[in-house]
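In what follows, a structure is listed as structure tokens, so that the remarks can point back to it.
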Amino acid sequence: MNTIYPREELDMFPSLSAPNRPPRSRQGLGATITAMAASAVLLLSGCAGADPGPSSSAGSDQSLLTEHGLDGLDAREIIKRLDTMPVTDRSTELMASIKTDELVLTDNQNNQTTLPMPKEDFYISVAPYTEQTHECYFHSLTTCLGELANTDVDVTVVNAASGKTILDATLTTYDNGFIGLWLPRGIHATLTVSTEDRTAKQDISTRLDDPTCLTALQLT
């Protein structure tokens, strides 16, 4: 079984790895620190769950969607395209972070646009694993990688309040090692993921402050 580790992202932000230079003027140094901070925030938003900082074009830069072939698509359609895309085809110049209420897309120049998430549905991306995982809160469609790519798993979701089974299906993890689940908003449920001889179970919820990325389901 091949273990996949999160993609190295420093190449997107040369300022983070640049060698030390002689002190600059106060104004120049301030601009440099601001740019580095913005880049660092964008870098951490991948699988660590940090919030990409706002930019002057946040929510309005439709050219970003056009540049990456996403114009005319809503949040649900963009999520499907990017989450299921082969890892080798993914852009290294785009970050796409799934928040509970919006999809945030940011390029390596910190241009940003947002799209509203469906009001009735909540997206959770799940990466079951056996040995290797990573911390995650808000799923990144372009950088998050799980251990078990292209693997068949049995998935059930049961509403904790009603006992009703919301989902019972055999799914195949995407090339990034995740499976994406659209669930009703505002519920508590039990998620079970199984392979032929291993099972993982976790209590989940789909409230406004809940994670969209689950990476703690260890198959044992």
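These numbers were taken from a predicted model, which means no experiment stands behind them.
- A heavy-atom distance below 4.5 Å is not found between the side chains of L141 and L105.
- Heavy-atom minimum distance, I78 versus L73: CG1-CB, 3.7 Å.
- Formation of a donor-acceptor pair under 3.5 Å by the S162 side chain with backbone atoms of K164 is found in this model.
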- Item | Residues I98, M117; criterion side chain to side chain contact (heavy atoms under 4.5 Å, CB included); working and verdict | CA-CA 9 Å; I98 300 178; M117 294 290 284; 3.8 Å; yes
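- In terms of heavy-atom proximity, T173 sits nearest to A149 at OG1-C, 3.4 Å.
- Both L181 and I204 belong to a common hydrophobic cluster when Ile, Leu, Val, Met, Phe, Trp and Tyr are linked at side-chain heavy-atom distances under 4.5 angstrom.
- Between Y174 and V87 the shortest side-chain heavy-atom distance does not fall below 4.5 Å.
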- Item | Audit row: D121, T206, side chain to side chain contact (heavy atoms under 4.5 Å, CB included) steps and yes/no | CA-CA 9 Å; D121 298 323; T206 59; over 6 Å; no
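- Taking P86 as the reference, T88, D89, D175 meet the side-chain contact (heavy atoms from CB on, under 4.5 Å) condition, with sequence neighbours excluded.
- Side-chain contact between T212 and F122 is present, with heavy atoms from C-beta onward closer than 4.5 Å.
- The side chain to side chain donor-acceptor pair (under 3.5 Å) test applied to S125 returns D83, H139, not counting sequence neighbours.
- Residues satisfying the side-chain contact (heavy atoms from CB on, under 4.5 Å) criterion with T190, sequence neighbours excluded, are T192, K201, D203.
- Scanning for side-chain contact (heavy atoms from CB on, under 4.5 Å) contacts around T66 gives D71, with sequence neighbours left out.
- Nearest heavy-atom pair across T143 and M95 is CG2-SD, 3.5 Å.
- Applying the 6.0 Å contact sphere to CZ of R81 captures no more than 12 heavy atoms from other residues, nucleotides or ligands.
- For T172, the side-chain contact (heavy atoms from CB on, under 4.5 Å) criterion is met by D152, not counting sequence neighbours.
- Scanning both residues, V157 and A189, for their nearest heavy atoms gives CG1-CB, 3.8 Å.
- In this structure, the ring pair (Phe, Tyr, Trp, His ring centres under 6.0 Å) partners of Y123, at least two apart in sequence or on a different chain, are W182.
- Listed here is the closest heavy atom pair of E102 and T114: OE1-CB, 3.8 Å.
- Sulfur atoms SG of C213 and C136 are positioned under 2.5 Å apart.
- In this model, no donor atom of one side chain and acceptor atom of the other lie less than 3.5 Å apart for Q218 and T133.
- Nearest heavy atoms, A200 versus L219: N-CD2, 3.7 Å.
- The side-chain heavy atoms of V153 and V126, taken from C-beta on, include no pair separated by under 4.5 Å.
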